[in-house]
K.L.:
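Here it is, the structure in full.
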Protein chains: 4
Amino acid sequence: MTADSHAPIRADARRNRDQILAAAKVVFQAQGPDVPMEEIARSAGVGVGTLYRRFPDRESLIRAVAQDSFERVLAEVRSVALEEPTAWATITRLLAHSRELRVMLQLALLSERAHEIITRDPAVRGIRDEIFGLLEDLVVAAQREGSLRADIGAGDIGVLLSLLVRTFPAADAEVAGMMLHRATALILDGLRAPGTPLPGRRLVQGDLG
Amino acid sequence: MTADSHAPIRADARRNRDQILAAAKVVFQAQGPDVPMEEIARSAGVGVGTLYRRFPDRESLIRAVAQDSFERVLAEVRSVALEEPTAWATITRLLAHSRELRVMLQLALLSERAHEIITRDPAVRGIRDEIFGLLEDLVVAAQREGSLRADIGAGDIGVLLSLLVRTFPAADAEVAGMMLHRATALILDGLRAPGTPLPGRRLVQGDLG
Amino acid sequence: MTADSHAPIRADARRNRDQILAAAKVVFQAQGPDVPMEEIARSAGVGVGTLYRRFPDRESLIRAVAQDSFERVLAEVRSVALEEPTAWATITRLLAHSRELRVMLQLALLSERAHEIITRDPAVRGIRDEIFGLLEDLVVAAQREGSLRADIGAGDIGVLLSLLVRTFPAADAEVAGMMLHRATALILDGLRAPGTPLPGRRLVQGDLG
Amino acid sequence: MTADSHAPIRADARRNRDQILAAAKVVFQAQGPDVPMEEIARSAGVGVGTLYRRFPDRESLIRAVAQDSFERVLAEVRSVALEEPTAWATITRLLAHSRELRVMLQLALLSERAHEIITRDPAVRGIRDEIFGLLEDLVVAAQREGSLRADIGAGDIGVLLSLLVRTFPAADAEVAGMMLHRATALILDGLRAPGTPLPGRRLVQGDLG
DNA sequence: GATGAATGAGTATTCATTCAT
DNA sequence: GATGAATGAATACTCATTCAT
């Protein structure tokens, strides 16, 4: 009686699907959105045929990976907001410590083409809108708390996050970590109220492409 | 007209080389480091054969483009330092307004592979070292001036610059410009003395890979 | 209910087999002999697994479809011969109006490979021989009647039929029907006694490959 | 000063192009429109790359082969019309002996898809229209001569031709030849005035899809 | 020297067939 | 027995690089 036309999907198929998503996420981040499909399949431990049965082309795989990642971020934003005492602490923690958030943005910024594919997908857009709704609430709250400078919008937070998720050009992994932490701290310094006035206007979700 | 058999290169050959470099720079930035060689040749107005005569493979073209770009930056840093009254003003202007600097870093960060190619090239390294020498001087001077926070090294400036040269995920070009200006201003706010202490240590040139 | 272990096949299995044959016949005609097996299975309403259980490979499916079709034609030729008053009327009716005959020949002419597969199958050959025996009798009888020109053999009738079963290159289905009817009528005109002498000799069954 | 933007094409390139067209024509007829591109390339004695340089995809190759073939037929129809004393003789000779015409129609009838590709191409359509114009003139003239039955249009001739160009299901090549000659003769018998009235109406060019 | 033609290796994708559920 | 998931071989097409004109 389930209305779902694809039925509950067999357990082994489900496992394969998950493996593929996980592998694709890793491989996309490491090698970009143009990695050979064969490589994704291999690193998921399946044949290419299986990969293509689940995801009929590269686009649909990218979409699925993005959707999975966006969902994880949404869940995390919700739980962090519950755990942290203030909006500023929530923003800070997300900005500085969320691995899911990094992954999500790295996927979204992989390439022009990946960005378009993700942006055009209605499911992903829906989740993105939810995340942004929460972020806007956090921004307003943190400004009321007096911790976040007033001339900042949720879109600005998005922009700054998009900067911090890039790979850092470091000599080694330890230094890369330090770069991330220092740049993050410095940007948090910049975000703290009151700050010298910024040019332009508060950026909102719609300003992001 | 010197007797030296390699040196003066015929004028038209020189022109070809310059056209290719200019075209490649544009095309690399617009389409990434994997654009078909044919496309580069076409947009330079020459045949692929000519492209390959000048630059025996993609690597060598990338190296040449990088070298050209790094040289321009070196020249610019020198002239800006002469024109501006303070070290802080020099840093600010470079960070906020140097197109050459943006282009140079965008090339260097095009891709993992491009980064390696550039980094490994001795000629480019030489120029980069000169640029960094000047930058270190500027950092020290600006800290003496009391404008730049003390816990920052030239490497940190490099890191922050590397963030700001990325393409911004904007809905349109105007907003993209605003994103750049606002993010730059906010980071400059963060750079201003004194700031809350940053984690780790001052980063120096050697920390960049 | 016989004790024989292979014979009666379970009713549902029988139904599956019939559905597959019917679907395959339709799909082969519509899409050629290379349609994906999955598509045949789908249009028969079964899984590929079931298709392969019944027919271990494409060849055996083609053979089975052909055999089924040839049997239907044999039955039809017999009944038409009984119903029509003259041999010429029988030939005319078969040539102009038999859907089974069209289908059979279309299958046999689907492709070089399909033709070979069918031709090589002993069961199909047997049925074909019976059909041809009847056709030869009809030809002789019609020539005795004086309606069919004398320099024609059963093989010639086969050839002319093979022409008429092709898809006509018509702008729409109605015109296609008209093409078929007009070409059929014109060929019947050509078949009528006496006619100008044809080159070569009467063609017989053995001349068909 | 030639306006032709692609310049006169190099002699060796021209030769390759011609070889590819010739090879493709043969291979398409022998193996259908889905032969591996590699096979076409091989039988033309070039690499696949060369094939793709000249014809960016299978469609464009099919179009080019068709155009070439249609042009040959147009030329032949013109010259045969000049050589033969009557319109009926012209029609007869084309129908019975034109190899170019057979090839052209076999290409056009290769497959549903090939037919569409060819039909949609404006260049090919133009040539086809010219051929048909000539054919219509011939039909009218032959009917005036009293040789061709009156209830036939140029479209009918096209239909009958389309029947005769199919591969005959013969045991060997010699018999296949005989089948073609006999079927042709019989159809010519059917075409001769006056004939028993055909159903429907005269078919014209527009009736062909 | 310049040009653009030729080559062939690299990758995406499809589908026949096998096999676990 | 039925199902549909997994596999991998086959094939289209792209592009870096070489070489004839």
Side-chain angles (χ1 to χ4, degrees), chain A residues 6-7 9-17 20 34-42 44-61, chain B residues 9-10 12-13 16-17 34-42 45-59 61, chain C residues 9-10 12-13 16-17 34-42 45-59 61, chain D residues 6-7 9-17 20 34-42 44-61:
Chain A
H6 309 295
I9 206 179
R10 255 162 54 180
D12 57 339
R14 178 81 216 169
R15 198 173 331 116
N16 270 338
R17 198 192 130 94
I20 292 171
D34 297 327
V35 258
M37 295 296 265
E38 187 114 19
E39 177 141 350
I40 297 172
R42 194 179 331 121
V46 302
V48 263
T50 303
L51 173 49
Y52 275 94
R53 163 176 280 272
R54 296 296 153 218
F55 307 99
D57 54 24
R58 184 182 293 274
E59 271 206 29
S60 91
L61 177 59
Chain B
I9 305 182
R10 277 169 34 187
D12 57 339
N16 267 344
R17 199 190 132 93
D34 297 326
V35 262
M37 295 296 266
E38 188 110 22
E39 177 140 349
I40 297 171
R42 192 178 332 121
V46 302
V48 257
T50 305
L51 173 49
Y52 273 93
R53 163 171 289 272
R54 296 288 161 229
F55 306 99
D57 55 24
R58 184 182 292 274
E59 270 205 30
L61 176 59
Chain C
I9 305 182
R10 277 169 33 188
D12 58 338
N16 268 344
R17 198 190 132 91
D34 298 326
V35 262
M37 295 296 266
E38 188 110 22
E39 177 139 350
I40 297 171
R42 193 178 332 120
V46 302
V48 257
T50 305
L51 172 50
Y52 273 93
R53 163 172 288 273
R54 297 286 160 231
F55 307 98
D57 55 23
R58 183 182 292 274
E59 270 204 32
L61 176 59
Chain D
H6 310 293
I9 207 180
R10 254 163 55 182
D12 56 340
R14 179 82 217 167
R15 199 175 330 117
N16 270 338
R17 198 192 130 94
I20 292 171
D34 297 326
V35 259
M37 294 297 265
E38 187 115 19
E39 177 141 349
I40 297 172
R42 194 179 330 121
V46 303
V48 262
T50 303
L51 173 49
Y52 275 95
R53 165 176 277 272
R54 294 297 153 217
F55 308 99
D57 54 24
R58 183 183 293 274
E59 271 204 29
S60 90
L61 177 58

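Owing to the predicted nature of the structure, the values given are computational and were not obtained by experimental measurement. Both backbone and side-chain heavy atoms feed into the values below; hydrogens, waters and symmetry mates do not. Chain naming here is simple, since letters A, B, ... match the order of the sequence lines and numbering starts at 1 in each.
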K.L.:
When the nearest nucleotide of DNA chain E is assigned to Gly45(B) and to Arg17(D) on a heavy-atom basis, which residue is associated with the more 5' position?
P.N.:
Gly45(B)
K.L.:
Specify the separation, in whole Å, of atom CD of Glu38(C) and atom P of dT7(F).
P.N.:
16 Å
K.L.:
Without decimals, in angstroms, what is the distance between Arg53(A) CZ and dA5(F) C1'?
P.N.:
5 Å
K.L.:
Under 3.5 Å, which donor-acceptor pairs do the side chains of residues 46-57 of chain A form with other protein atoms, sequence neighbours left out?
P.N.:
{"from": "Asp57(A)", "atom 1": "OD1", "to": "Glu59(A)", "atom 2": "N", "distance (Å)": "3.4"}
{"from": "Asp57(A)", "atom 1": "OD1", "to": "Ser60(A)", "atom 2": "N", "distance (Å)": "3.0"}

K.L.:
Map Val35(D) and Arg54(A) onto DNA chain F by nearest heavy atom, then report which one ends up closer to the 5' terminus.
P.N.:
Arg54(A)
K.L.:
Rounded to whole angstroms, how far apart are CG on Asp57(A) and C1' on dT13(E)?
P.N.:
9 Å
K.L.:
Taking only side-chain nitrogens and oxygens of Thr50(C), does any of them come within less than 4.0 Å of OP1 or OP2 of dT3(F)?
P.N.:
yes
K.L.:
Residues in side chain to side chain contact (heavy atoms under 4.5 Å, CB included) with Asp12(A), at least two apart?
P.N.:
Arg10(A), Arg15(A)
K.L.:
Please give, in whole Å, the distance from dT11(E) C1' to Leu51(A) CG?
P.N.:
13 Å
K.L.:
Please state how far atom CG in Leu61(B) lies from atom P in dA16(F), giving the value in whole angstrom units.
P.N.:
11 Å
K.L.:
Does dC13(F) have OP1 or OP2 sitting under 4.0 Å from an N or O in the side chain of Arg58(D)?
P.N.:
no
K.L.:
Contact class for Val48(D) (heavy atom, under 4.0 Å): base, sugar-phosphate, or nothing?
P.N.:
base
K.L.:
Could you summarise the pairing of DNA chain E as dot-bracket text, marking Watson-Crick and G-U pairs under 3.5 Å with ( ) or [ ] inside the strand and | across strands?
P.N.:
.||||||||||||||||||||
K.L.:
Closest-nucleotide mapping onto DNA chain F: is Asp34(D) or Asn16(C) further toward the 5' terminus? I mean the 5' end.
P.N.:
Asn16(C)
K.L.:
Please state how far atom CD1 in Ile40(B) lies from atom P in dG4(E), giving the value in whole angstrom units.
P.N.:
17 Å
K.L.:
Run the side-chain contact (heavy atoms from CB on, under 4.5 Å) test on Met37(C) and Ile40(C) for me, step by step, so that the C-alpha distance in whole Å, both residues' side-chain angles and the decisive distance to 0.1 Å come before the verdict.
P.N.:
CA-CA 5 Å; Met37(C) 295 296 266; Ile40(C) 297 171; 4.2 Å; yes
K.L.:
Rounded to the nearest angstrom, tell me the gap between atom CD in Glu39(B) and atom P in dA16(F).
P.N.:
10 Å
K.L.:
Please enumerate all residues that pass side-chain hydrogen bond (donor to acceptor under 3.5 Å, both in side chains) together with Glu39(C), with sequence neighbours excluded.
P.N.:
Gln31(C)
K.L.:
Would you kindly give the CE-to-C1' distance between Met37(C) and dT18(E), to the nearest whole Å?
P.N.:
13 Å
K.L.:
Show each protein N/O and nucleotides 19-21 of chain F N/O combination with a separation under 3.5 Å, one pair to a line.
P.N.:
none

K.L.:
Checking all strands, does Arg42(B) fall into the base, sugar-phosphate, or nothing category for heavy-atom contacts under 4.0 angstrom?
P.N.:
nothing
